Every structure is written in C-alpha cells, then in structure tokens.
Amino acid sequence: MPELPEVEVVRRGLERWVAHRTIADAEVLHPRAVRRHLAGAEDFAHRLQGHRVGTPGRRGKYLWLPLEDTRLAVLAHLGMSGQLLVQPHEAADEKHLRLRVRFADEVDTELRFVDQRTFGGLSLHDTTPDGLPDVIAHIARDPLDPLFDDEAFHQALRRRRTTVKRALLDQSLISGVGNIYADEALWRARLHYDRPTGSLTRPRTRELLGHVRDVMNAALAVGGTSFDSLYVNVNGESGYFDRSLDAYGREGLPCKRCGTPMRRRPWMNRSSYFCPKCQTPPRISS
DNA sequence: AGTCTCCCCTGACGGC
DNA sequence: TGCCGTCAGGGGAGAC
C-alpha cells in the first residue's frame with residue numbers, strides 16, 4: 001500500500017508474523033511480480049530457500065526482509081495495489097495472488113503477495129553495510145527517519161527549480177510521501193501545490209515538514225488510510241485514516257478551516273485537492 | 001544534471 | 001446491456 005504509513009503498518013505486521021521464520025519455498029505465480037529480479041523467477045524462488053528472515057526494514061515506500069547470515073534482502077514495493085498478506089495455508093488463493101512463500105515451521109500461515117495492477121513487485125538484492133538494499137540507495141530518508149536532515153532538505157528545495165508538490169513526491173528528496181499525504185500536508189501548511197520551492201523560507205519548510213510528520217503519525221496511529229479493500233495490513237484489515245482526511249477526495253465539500261468549497265485540479269495525470277482560499281496560487285504562475 | 005512526460009496494468013464507475 | 005472514457009494511493013526509463 002502506497003504511502004509511508006500504510007507501508008509501515010505492513011512492515012510491523014511482517015515483523016510480528018514473519019520475522020525469524022525460515023523459508024521453506026517460494027512460488028512465483030506471475031512473472032511480472034519479480035520482474036525487477038533480473039535473474040528470473042526460478043532463480044528468485046531458489047535463492048530464498050532455507051534462509052531465515054531477519055527484522056523487516058523500510059525506507060519510504062520500500063520495505064525489505066533481510067535474509068540472516070547473508071548480505072541479501074528481499075525487497076518489496078507495493079506499487080498502487082500490492083498487498084503482503086499472512087494467510088492460513090487453507091485460505092483460498094486470492095484472485096490476484098502473484099507469489100507465495102511457505103515457511104519451514106509448524107505455524108499455520110504463509111506469506112502472500114497479491115497485486116491487482118501489478119505495478120508492485122519483489123526482488124532479491126545485495127545490501128550495503130548499513131543494511132539497505134543496494135538498488136534503493138537513491139531513495140532519500142523518509143520524514144519519520146531520525147536521521148532525516150531538515151536543513152539539507154530545505155537547501156535542496158532552494159536549489160531546485162520546481163514546485164512544492166512535485167518536490168514532496170520526489171523520492172530522491174524525501175521519501176514516503178504520495179499523492180494523499182502531499183495534499184494533506186499542503187492543506188495543513190496552507191501552501192498551494194504549484195508554489196515554487198525556491199520561494200520557501202527556512203521556517204516555512206520546517207513548518208511543512210512538521211505537517212508531513214504530523215499527518216503521517218496520525219495515520220499510523222489508526223492503521224493507515226484505506227478507501228477500499230485494496231489497502232490493508234497483513235491480516236487484511238483496513239485502517240481508519242480516510243475518516244480524518246482534510247483535503248484528499250473532498251472536492252466540493254467545505255474546507256474544514258474556512259468553509260470554502262474544496263477544489264480538485266488535474267495534476268500530472270492525477271488530482272490535487274486544495275482550498276482555493278486557504279491555499280492561494282503563487283502570484284507568478286508559469 | 002535536473003526536470004518532465006510517458007507508460008507499465010486491472011478494475012470500477014458514470015455517461016451515452 | 002454494453003461500450004467508452006476516466007480515474008486510481010507509484011516510480012522507472014528515456015527524452016528533452
């Protein structure tokens with residue numbers, strides 16, 4: 001599931017239900033699910049066998065399962081519709097089941113990767129000395145990472161010739177923020193999505209980061225955001241943060257601050273939701 | 001190098 | 001009923 005809070009909910013589920021279990025075998029039911037594993041599906045499945053899973057890691061929207069006593073990790077990205085589910089063996093296969101991992105123990109559960117749109121996937125990679133899969137070295141730390149550098153982020157925004165929402169979605173600047181939490185944080189910060197990043201003062205950037213963290217922590221506290229059954233934790237349960245959204249999906253509804261009807265604008269093949277009064281467009285528009 | 005558009009998929013939904 | 005266009009929470013490749 002797409003953004004940082006939802007992925008972290010999944011990571012915690014894996015830590016509880018999958019960590020420290022030894023893999024018996026893996027079964028790839030759709031080759032596209034492992035397309036980022038260049039050596040192929042057979043190689044992927046074979047190389048997982050017999051390894052014990054360490055503590056699951058996460059950076060932004062990526063998560064991974066380290067394989068103990070190796071320098072390898074199984075990297076996962078949920079894309080738009082991916083789910084990692086811990087299911088009883090006897091549970092019927094999901095319609096979009098792409099991959100199954102069985103464990104060499106007496107626990108009656110297996111790990112399943114289910115993905116309707118197949119934008120997500122799993123792959124096996126070497127890790128850097130700090131445990132990060134090497135292929136995601138370009139992904140920036142996320143705002144909940146204690147080592148995220150607020151000042152460096154501000155300086156990067158000042159250097160960039162782009163707009164603030166594009167920057168929030170740029171995973172090489174700050175990771176874990178997607179369309180929903182970008183709109184939520186911008187609404188809270190009273191910033192228009194097309195505001196040039198070069199115009200943000202240091203206090204303004206810090207305030208924005210504070211809102212990004214607040215909205216993500218609030219979502220995390222209630223299990224993430226779920227509009228439908230696609231976005232669930234490893235036990236298939238939905239989070240409740242959709243009830244707390246202030247901007248995303250609220251076209252035509254009154255702004256929760258000033259009552260002005262919220263607007264939706266097409267934006268990069270998606271949508272941006274904002275309050276036309278609280279979040280005024282930049283004066284110099286392109 | 002930085003920035004931006006396209007495109008990989010399936011399914012749901014509304015209008016005609 | 002069915003067909004078509006639109007939309008959906010992502011990010012990488014490749015074009016400027």
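Keep in mind it's a predicted model, so treat the numbers as computed, not measured.
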side-chain N/O [X] vs [N] OP1/OP2, d < 4.0 Å:
X	N	answer
A/R117	B/dG11	no
A/H77	C/dG11	yes
A/S81	B/dT10	no
A/Q171	C/dG11	yes
A/K95	B/dT10	no
A/T162	B/dC4	yes

Inset, instruction - Answer with base, sugar-phosphate or nothing: what part of the nucleic acid does A/H138 contact at a heavy-atom distance below 4.0 Å? - result: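 Since only primed, P, OP1 and OP2 atoms lie under 4.0 Å of A/H138, the category is sugar-phosphate.
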Legend entry - Sugar-phosphate only, base, or nothing, as touched by A/R270 at under 4.0 Å among non-hydrogen atoms: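 Here A/R270 touches the bases of the nucleic acid.
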Rounded to the nearest Å, what distance is computed from the [atom1] atom of residue [X] to the [atom2] atom of nucleotide [N]?
X	N	atom1	atom2	answer
A/L169	C/dA8	CG	P	13 Å
A/R265	C/dT6	CZ	P	18 Å
A/D170	B/dC4	CG	C1'	11 Å
A/R59	C/dG10	CZ	C1'	18 Å
A/I174	C/dG10	CD1	P	14 Å
A/R98	B/dT10	CZ	C1'	8 Å
A/W267	C/dT6	CH2	P	20 Å
A/Y248	C/dC7	OH	C1'	9 Å

Nearest to the side chain of [X] - [options]?
X	options	value
A/R32	B/dC4, B/dC8, C/dA8	B/dC8
A/N179	C/dG10, B/dG11, B/dC4	C/dG10
A/S271	C/dC7, B/dG11, B/dT5	C/dC7

Legend entry - Qualifying residue for side-chain contact (heavy atoms from CB on, under 4.5 Å) with A/M262, from A/P276, A/C278, A/C255: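 Exactly one pass, corresponding to A/C255.
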Inset, instruction - Inspect the contact between A/E8 and A/R11 and indicate whether a charged nitrogen and a carboxylate oxygen are less than 4.0 angstrom apart. - result: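 Yes.
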Legend entry - A/R112/A/E94 ion pair, N-O < 4.0 Å: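 Yes, this pair counts.
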Quick one: side chains of residues 25-33 of chain A, donor-acceptor pairs under 3.5 Å with protein atoms, not counting sequence neighbours, listed by atom name and distance.
unit_1: A/D25; atom_1: OD1; unit_2: A/R102; atom_2: NH1; d: 3.2
unit_1: A/E27; atom_1: OE1; unit_2: A/R100; atom_2: NE; d: 3.0
unit_1: A/H30; atom_1: ND1; unit_2: A/R32; atom_2: N; d: 3.1
unit_1: A/R32; atom_1: NE; unit_2: A/T118; atom_2: O; d: 3.1
unit_1: A/R32; atom_1: NE; unit_2: A/T118; atom_2: OG1; d: 2.8
unit_1: A/R32; atom_1: NH2; unit_2: A/T118; atom_2: O; d: 3.0

Legend entry - 5' precedence on DNA chain B between A/R160 and A/N269 (nearest-nucleotide basis):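 Nearest-nucleotide comparison on DNA chain B picks A/R160.
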Inset, instruction - Write down the distance separating the C1' atoms in B/dG11 and C/dG12, rounded off to the nearest Å. - result: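 One C1' to the other, the span is 23 Å.
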Legend entry - B/dC9: pairing nucleotide in any strand, Watson-Crick or G-U under 3.5 angstrom: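 Base partner found: none.
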Inset, instruction - Output every pair passing salt bridge (charged side-chain N to carboxylate O under 4.0 Å, His left out) with a member in residues 46-57 of chain A, not counting sequence neighbours, ordered by first then second residue. - result: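 Non-adjacent pairs meeting salt bridge (charged side-chain N to carboxylate O under 4.0 Å, His left out): A/D43-A/R47, A/R52-A/E68.
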Legend entry - Base of C/dG10 and ring of A/F119 stacked, centres under 5.5 Å, planes under 30°: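 Stack criterion met.
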Legend entry - Flag if over 12 foreign heavy atoms under 6.0 Å of NZ, A/K256: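 Yes, enclosed.
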